[in-house]
There are 2 protein chains.
Amino acid sequence: MSDLNVHTLTDAVIARMTDKVEPRTRQLMSALIRHLHAFATEVSLTEAEWFAAIDFLTRTGKNCTDTRQEFILLSDVLGLSSLVIATNHPVAAGSLESSVLGPFYLPEMPELPLGSDLAVGVAGTPTLYQGLVTDTDGTPLAGATLDIWSSDGEGWYDVQKPGPLKPAARGRIRTGADGRYAFWSIKPADYPVPTDGPVGELLRAMDRDSMRPGHLHFIASAPGCETVTTQIFASDSPELRRDAVFGVSDGLIAPFVSHAAGTAPDGRVLSTPFCTVDYAIRLRRA
Amino acid sequence: MSDLNVHTLTDAVIARMTDKVEPRTRQLMSALIRHLHAFATEVSLTEAEWFAAIDFLTRTGKNCTDTRQEFILLSDVLGLSSLVIATNHPVAAGSLESSVLGPFYLPEMPELPLGSDLAVGVAGTPTLYQGLVTDTDGTPLAGATLDIWSSDGEGWYDVQKPGPLKPAARGRIRTGADGRYAFWSIKPADYPVPTDGPVGELLRAMDRDSMRPGHLHFIASAPGCETVTTQIFASDSPELRRDAVFGVSDGLIAPFVSHAAGTAPDGRVLSTPFCTVDYAIRLRRA
């Protein structure tokens with residue numbers, strides 16, 4: 001076994017996989033082992049650094065709970081999540097771009113009537129979101145679904161609050177026969193990613209900001225079209241160019257228009273200032 | 001931010017580190033981000049595979065306890081641990097080679113008198129380990145310490161057994177004025193690394209064996225010399241060439257000589273068969 005040295009070890013580890021290994025698994029593990037070893041060799045990783053990495057990964061796993069996924073956050077702040085999304089959803093001219101799912105999505109939220117307020121009693125500036133959903137040829141898509149979630153106007157998601165979960169600023173809206181959607185929620189605030197765990201330590205070591213520009217998450221789907229997981233960002237956020245998780249692209253920035261108290265375009269009368277967002281969504285045919 | 005695409009994202013993530021970042025941290029994180037992104041791009045990592053990796057790492061963290069370190073095991077089976085050791089402890093002709101620490105080391109075990117039995121009542125063939133500790137010039141090293149631990153003769157470490165820890169097959173031995181060491185323990189058995197966790201799943205996906213050849217761990221140290229963490233392996237193990245953690249090198253293979261019941265070289269009278277191992281240890285001057 002004296003052939004196992006820094007020059008031969010990588011190939012030896014890969015060669016341990018037999019012919020029975022599923023081809024994609026072989027491809028993934030071969031590439032992983034090569035890059036992992038190349039990284040350690042390139043930086044001459046010390047044993048203390050290796051152990052710090054073991055400890056970091058262990059604590060990252062321990063920090064994961066039902067409502068917090070520290071490894072997804074790690075992937076997000078290292079730009080890996082955005083890279084995987086960009087690889088799997090190449091931008092096509094004019095169609096809705098993808099962005100990161102993030103850690104706060106909850107499946108199977110109820111479908112609410114068109115025009116509903118998803119954020120009754122939630123802190124923040126009431127905002128009417130509306131627009132037309134079409135395919136890339138401009139044909140309106142009736143019955144398209146938007147599965148929506150966001151923080152409140154102070155930057156907190158419902159799942160982050162203590163006590164039993166009370167879903168807020170979440171829900172599904174379906175477009176009408178004309179392909180248009182409309183719903184009320186709040187204007188999401190800029191907020192920091194959680195920095196009280198290992199990923200926070202890493203961000204500080206890299207002297208990086210933890211802020212995300214305010215954004216509304218949604219998953220857009222329609223029969224016969226590709227489903228898109230994405231976010232839209234408020235164009236007036238000072239954090240747009242330093243998103244801690246690299247989720248912003250130009251096509252996902254939407255103007256939030258401010259209005260004084262009064263009657264909104266859908267006839268709702270508000271006693272406080274409110275915003276409106278018009279955002280057109282174009283989905284690709286599958 | 002439309003410049004954030006698969007071609008520009010890696011540099012953009014690295015560029016977020018400011019001038020204030022400690023240079024070694026910058027080097028490590030830059031290389032890590034580059035290799036991580038290069039891996040994902042090279043294999044066109046799918047979102048399902050990405051999520052499977054998140055889930056795997058999370059469960060690996062959750063599997064770590066006070067007596068089990070699943071991330072070290074992961075590093076071991078991917079050959080990373082051996083690579084880091086080989087990088088940091090280049091082999092010098094004639095001096096003791098390093099090997100992986102493994103997950104079962106306990107610090108601060110008691111020092112026992114020269115010739116002690118470290119494994120009273122432990123299952124396995126009694127084995128007398130003895131030899132001379134010298135520097136690489138052959139000068140005997142009085143007062144050199146061997147910090148020893150191993151599985152029992154059935155492949156189990158004390159820390160793996162249920163109930164309160166009763167240290168067994170562990171202890172420190174110091175060389176005498178002539179630089180010689182001697183102690184009794186058992187002949188360690190071949191055993192599998194733990195396969196009931198995420199790393200076991202990975203080994204099965206790679207169609208790999210989980211066995212380690214029987215081995216005795218020790219950390220050899222002496223005033224003025226470099227400390228070496230290593231293992232010696234029984235030369236008759238059928239697992240020598242397929243160690244699951246890539247820890248074997250030729251210089252660490254030792255013959256275990258079998259004897260019928262009777263009087264051992266140190267005068268101990270045994271009513272059962274026993275083994276003797278003569279293994280010379282050469283340490284480099286620091």
Side-chain angles (χ1 to χ4, degrees), chain A residues 1-2 4-6 9-10 12-13 16-18 20-22 25 27-29 31-33 35-47 49-50 54 57-58 60-62 64 69 71-72 75 78-80 82-88 91 205-208 240-241 246 248-251, chain B residues 1-2 4-6 9-10 12-13 16-18 20-21 25 27-29 31-33 35-47 49-50 54 57-58 60-62 64 69 71-72 75 78-80 82-88 91 205-208 240-242 246 248-251:
Chain A
M1 309 297 289
S2 55
L4 288 190
N5 58 49
V6 289
L9 188 59
T10 305
V13 176
R16 283 283 178 90
M17 285 187 277
T18 73
K20 291 179 195 157
V21 176
E22 191 273 319
T25 302
Q27 181 188 20
L28 288 171
M29 292 311 301
L32 181 72
I33 291 163
H35 282 287
L36 185 66
H37 286 208
F39 161 71
T41 300
E42 177 185 323
V43 300
S44 291
L45 194 69
T46 69
E47 288 162 287
E49 290 161 349
W50 170 85
I54 295 286
L57 292 168
T58 303
T60 300
K62 299 282 185 204
C64 295
Q69 228 306 346
F71 269 117
I72 291 185
S75 169
L78 294 179
L80 179 64
S82 283
L83 182 68
V84 169
I85 286 163
T87 301
N88 287 280
V91 176
M206 294 194 290
D207 195 29
R208 280 195 22 199
L240 277 182
R241 299 212 160 262
F246 307 94
V248 183
S249 56
D250 282 347
Chain B
M1 308 300 285
S2 56
L4 288 191
N5 57 50
V6 290
L9 188 59
T10 305
V13 176
R16 282 282 179 91
M17 285 188 277
T18 73
K20 291 179 195 158
V21 176
T25 302
Q27 181 188 19
L28 289 171
M29 292 310 302
L32 181 71
I33 291 163
H35 281 288
L36 185 66
H37 286 208
F39 161 72
T41 301
E42 177 184 322
V43 300
S44 290
L45 194 69
T46 69
E47 287 161 287
E49 289 161 350
W50 170 84
I54 294 285
L57 292 168
T58 303
T60 300
K62 300 281 186 206
C64 294
Q69 228 308 347
F71 269 116
I72 291 184
S75 168
L78 294 179
L80 179 65
S82 283
L83 182 67
V84 169
I85 286 162
T87 301
N88 287 281
V91 176
M206 293 194 291
D207 195 31
R208 280 198 19 202
L240 275 182
R241 300 214 157 260
R242 50 187 186 192
F246 307 94
V248 183
S249 56
D250 283 347

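Chain naming here is simple, since letters A, B, ... match the order of the sequence lines and numbering starts at 1 in each.
In terms of non-hydrogen atom pairs under 4.5 Å with chain B, the most contact-rich of Leu32(A), Val21(A), Leu83(A), Leu45(A) is Leu83(A). Considering only heavy-atom pairs separated by less than 4.5 Å from chain A, the leading option among Gln69(B), Lys62(B), Lys20(B) is Lys62(B). In terms of heavy-atom pairs under 4.5 Å with chain A, the best-connected choice from Leu57(B), Thr60(B), Leu36(B) is Leu57(B). When each of Thr41(A), Thr10(A), Thr58(A), Ile85(A) is scored by its heavy-atom pairs under 4.5 Å with chain B, the top score falls to Thr58(A). Interface check for chain B: of the options Glu49(A), Met29(A), Gln27(A), Glu22(A), the most heavy-atom pairs under 4.5 Å are formed by Glu49(A). Contacts with chain A were tallied for Ser82(B), Ala31(B), Ala40(B); Ala31(B) has the most, counting heavy-atom pairs under 4.5 Å.
Under the side chain to side chain donor-acceptor pair (under 3.5 Å) criterion, Thr87(A) pairs with no residue, sequence neighbours left out. Considering only residues two or more places apart in sequence or on other chains, Ser75(A) meets the side-chain contact (heavy atoms from CB on, under 4.5 Å) condition with Leu80(A), Ser81(A), Trp50(B), Ile54(B).
Of all the heavy atoms in Val13(A) and Leu78(B), the pair that sits closest is CG1-O, 3.6 Å. Listed here is the closest heavy atom pair of His35(B) and Ala38(A): CE1-CB, 3.6 Å.
Heavy atoms of Met206(B) lying under 4.5 Å from chain A belong to its backbone as well as its side chain. In this structure, the portion of Thr25(B) lying under 4.5 Å from any heavy atom of chain A is its side chain and not its backbone. Contact of Ile33(A) with chain B is made through the side chain alone, with heavy-atom distances under 4.5 Å.
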